[in-house]
Amino acid sequence: MKKSSLLVALAASGMLSTAIAATPEPFTVQHLVNLNKLHSTAVSHDGKTLVYGVKVIDEQGESSSDLYSLDLTNANAAPKQITSAKGTEHDVAFAPDNKSIYFLAARNGSSQLYNLSLTGGEAMAVSDLPLDVNGYKLSADGSQVVMTMRVSPDCKDLACTVDKQQALAESKTSGREYKQLMVRHWDTWEDHARNHLFVAKLDGKLIKDAVNVTAGRDTETPPKPFSGMEEVTFTPDGKHIVYTAKAPSKDQAWTTNYDLWQVPVAGGETVNLTEANKAWDAHPTFSSDGRFMAYLAMTRPGFEADRFRIMLRDNVTGQEKEVAPLWDRSPHSLQFSADGRKLYVTAQDVGQVSIFEVNTQFGDVRPIYNYGSNNLIAITEDKLVFSHKTLVEPGDVYTVNHEGERLSRVTNVNEAKLANIKFGEFEQFNFKGWNDETVHGYWIKPVNYEEGKKYPIAYLVHGGPQGSFGNSFSGRWNAQLWAGAGYGVVMVDFHGSTGYGQAFTDSISKDWGGKPLVDLQKGMDAVTKQQSWLDADNACALGGSYGGYMMNWFQGKWNDGFKCLVNHAGLFDMRSMYYVTEELWFPEFEFGGTYEDNKELFEKFNPVNYVENWQTPMLVIHGEKDFRVPYGQGLAAFTYMQRNDIPSELLMFPDENHWILNQDNLQQWYKNVLGWMDRWTAED
């Protein structure tokens, strides 16, 4: 969207006039943590009603969350609050008749399923199960529900799991016993429990028991740690459940072979629908008539950043094909059109997360909306409903018609809180990077920008490494916070970044310290020549995960480029890292095998091998619950610098994982990071 279009959209929402009327102030981390949070969006099957949740943070820092409904047929309609109970209602879904909604809430001590009539009255409990319901999905006719609960896989009923949990809580011993990997994942030690699927009828009776359709299977459904109920669905006839899971095996830590499985709603024999593909299969989605099943599939085993292909299975003939095989993007969501002839998908695309329409017969791909970061909520008869974020928008619901026109803002949950905030002006740029190939990035001007002045640079390096700092609004690494603190912000999507074609993404594998370093060096040179207000001689670089690795790599390979560095959860020693991380498939693909198989490559790009060149002051940050990059990596980097008199500081969070999630900790994080950068970029 051009800047003029953005101003028009803001003016139409009423936000622009408010912002101009007030005296603006720079965006700070205190503003960030106090923003209202939009969540749990759902649209009725007739496309007329939107229901959404808003978590509100008051001036005292206390939070509350309620659900609201909005008439999508009336442009002047005001939101109507429909819940007021203490706690959070989430995972909203409409009943087939559109007269009521379902949601999860912990109103009586555990997470259970509720139903609320939209014509008035109180929400009624639908389930009363002895374990938390962590997710659910309704059948097409609304007569059944599939729920996920965490159980002991060797238990025959829920009471058995409850007894085991109680015994564990009362045990006087604390040792964890294991016979195979994985022993821990992301931020949780393996507890020998599993996410299983349970099916129950929705017949007006309180659900007190349900059929465990994954009983006896040592699988996680949905898979941990990030998958949800998008990986589970009823078949349209309501006779089966299709879900994503790994087959039980001893190689869980070094395989990405997720498959689609089908099981009767009454339980019984489970069938592997994608056994032939040894790579990742995900997101089963049916057309409304049941004729077709679409899903996403990778082709390379062990590679979590491979391109997801769109696969289409004809459930009548059994034939299967790839849809749009020449389209070089990797979708991460799927929805069928009402007639089953088109799929609507979202995918990263040149610094955006865009919405596309894909013809299932001919494979034609048509972009519908390609500005900012977008998540499709629903397709109605005349419009698409989606959530939308940009570098200056925290997230609201918008609509466009099927041609991608008539953009309309539906919600404005932070209108009052943003009315007095000024964000930095931003723009996407490009330059010739490694091998003179085009590389993209973003710059953001400091909020206090004055023509003719030079400003210190915050050079943000994204993690992944197959990731992107794109046109979105983050609750953690929010680029506008550095702009609010007076820095010019630069973010480069170096070789290996996502959204620029699979070959571009693939190019970082087995070359962690090669092409990306060239891009980052050339990117700094190019952007400071393009934008003379950026002070190339007064810059700090910072990054997390792979971005933290790159801070350690800068120390050894580009040690005169920055006044200071900030290393969050960065990899320091690739040998020890290989033996302590949990997802072994990741380093094994990135470095061409196990450490023993390809020791030379691991050591070629190992930051610890170049510590004799380290000299740049660096702040190291890590979480003790980080099992992806265990905190010893950060501690080792800090220890080396302390022992060798390199200016350095350490910030360790005992309760954080690979990310900083506690909002008080986030404020401490930014206080330390900005304080460190201010110290080293201050003018003499």
Side-chain angles (χ1 to χ4, degrees), residues 9 12-13 38-54 67-83 89-103 115-120 136-143 229-230 233-234 236 283 285-292 294 333-346 354-360 366-369 374-388 395-413:
S13 71
L38 178 78
H39 66 90
S40 303
T41 53
V43 174
S44 58
H45 304 287
D46 60 10
K48 295 180 179 180
T49 306
L50 168 73
V51 169
Y52 59 96
V54 181
L67 297 179
Y68 296 81
S69 67
L70 184 65
D71 183 355
L72 292 177
T73 67
N74 182 357
N76 297 315
K80 176 184 176 183
Q81 184 174 336
I82 57 176
T83 64
E89 300 88 7
H90 58 96
D91 289 60
V92 175
F94 274 84
D97 63 5
N98 300 313
K99 294 180 180 179
S100 67
I101 58 169
Y102 291 87
F103 58 79
N115 179 261
L116 174 65
S117 171
L118 294 179
T119 59
Y136 73 97
K137 185 74 71 72
L138 303 176
S139 62
D141 64 1
S143 66
M229 293 302 288
E230 73 279 356
T233 186
F234 281 93
H283 209 93
T285 306
F286 286 91
S287 58
S288 59
D289 61 4
R291 174 69 185 268
F292 298 103
S333 71
L334 295 169
Q335 288 191 44
F336 271 101
S337 61
D339 61 10
R341 296 177 180 176
K342 296 182 287 291
L343 282 164
Y344 293 92
V345 308
T346 54
S354 304
I355 302 172
F356 300 88
E357 177 191 274
V358 182
N359 185 295
T360 58
R366 181 172 65 88
I368 294 179
Y369 189 72
N374 305 290
N375 181 51
L376 190 58
I377 300 170
I379 304 108
T380 72
E381 184 178 352
D382 61 346
K383 63 176 70 78
L384 277 67
V385 185
F386 60 99
S387 61
H388 171 73
D396 273 297
V397 178
Y398 283 71
T399 64
V400 292
N401 66 18
H402 286 235
E403 300 305 315
E405 301 169 341
R406 298 182 183 177
L407 177 69
S408 176
R409 186 180 199 139
V410 176
T411 66
N412 202 344
V413 300

Participant: List the steps and the verdict of side-chain hydrogen bond (donor to acceptor under 3.5 Å, both in side chains) for S333 and T346.
Facilitator: CA-CA 6 Å; S333 71; T346 54; 2.6 Å; yes

Participant: Do the side chain of T285 and the main chain of H283 share a donor and acceptor less than 3.5 angstrom apart?
Facilitator: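 A pair under 3.5 Å: yes.
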
Participant: Mind telling me whether Y344 and H402 have parallel, tilted or perpendicular rings, with 30° and 60° as the class edges?
Facilitator: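 Judged by the thresholds at 30° and 60°, the geometry between H402 and Y344 is perpendicular.
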
Participant: Sequence neighbours excluded, which residues qualify as side-chain contact (heavy atoms from CB on, under 4.5 Å) partners of A93?
Facilitator: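 Expected list: Y136, L138.
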
Participant: How about N375 and F386: do any of their side-chain heavy atoms sit closer than 4.5 Å?
Facilitator: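 Not in contact.
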
Participant: For N359, is there any backbone N or O sitting under 3.5 Å from a side-chain donor or acceptor partner on E357?
Facilitator: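 Absent.
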
Participant: Mind checking salt bridge (Lys or Arg N to Asp or Glu O under 4.0 Å) for R341 and listing every partner two or more places apart, or none if nothing turns up?
Facilitator: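 Here no residue qualifies.
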
Participant: Mind running side-chain contact (heavy atoms from CB on, under 4.5 Å) on V385 and V410 for me, showing each step along the way?
Facilitator: CA-CA 9 Å; V385 185; V410 176; 5.7 Å; no

Participant: Identify, with sequence neighbours excluded, every residue that meets side chain to side chain donor-acceptor pair (under 3.5 Å) alongside H90.
Facilitator: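 Checked H90 against side chain to side chain donor-acceptor pair (under 3.5 Å); zero matches.
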
Participant: Under a 3.5 Å distance rule, please check whether S287 uses its side chain to pair with a backbone N or O of F292 as donor and acceptor.
Facilitator: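 Yes; judged by distance alone, with no hydrogens or angles, the pair exists.
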
Participant: Tell me if a side-chain donor or acceptor on K342 pairs with a main-chain N or O of T360 at a distance below 3.5 Å.
Facilitator: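 Absent.
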
Participant: Give, for atom CD of E89 and atom CG of L67, the distance between the pair rounded to the nearest 0.5 Å.
Facilitator: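 Going from CD on E89 over to CG on L67, the span is 4.5 Å.
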
Participant: Do I101 and I82 touch side chain to side chain, with heavy atoms closer than 4.5 Å?
Facilitator: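 In contact.
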
Participant: Is it the case that more than 12 heavy atoms not belonging to E381 sit under 6.0 Å from its CD atom?
Facilitator: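 Open: at most 12 neighbouring heavy atoms sit under 6.0 Å from CD of E381.
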
Participant: Under 3.5 Å, side chain of T399 to main-chain N/O of L384, donor-acceptor pair present?
Facilitator: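 Absent.
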
Participant: Measuring from L334:CG to L343:CG, what's the distance to the nearest 0.5 Å?
Facilitator: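 Here the rounded value is 6.0 Å.
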
Participant: Got a sec, which residues hit ring-ring contact (aromatic ring centres under 6.0 Å, His included) with Y52, two or more places apart in sequence or on another chain?
Facilitator: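 By the ring-ring contact (aromatic ring centres under 6.0 Å, His included) rule, Y52 matches Y68.
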
Participant: Roughly how far, to the nearest 0.5 Å, is OH of Y398 from CG of N374?
Facilitator: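 Between atom CG of N374 and atom OH of Y398 there are 10.0 Å.
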
Participant: Under the side chain to side chain donor-acceptor pair (under 3.5 Å) test, which residues partner T411, sequence neighbours left out?
Facilitator: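 Per chain and number, T411 pairs via side chain to side chain donor-acceptor pair (under 3.5 Å) with D396.
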
Participant: Let's go through N401 and D382 carefully: what are the C-alpha distance in whole Å and the side-chain angles of both, what is the deciding distance for side-chain contact (heavy atoms from CB on, under 4.5 Å) to 0.1 Å, and is it a yes or a no?
Facilitator: CA-CA 6 Å; N401 66 18; D382 61 346; over 6 Å; no

Participant: Can you name the residues that form a side-chain contact (heavy atoms from CB on, under 4.5 Å) with S44, not counting sequence neighbours?
Facilitator: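 By the side-chain contact (heavy atoms from CB on, under 4.5 Å) rule, S44 matches D46, K48, T49, F94, N98.
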
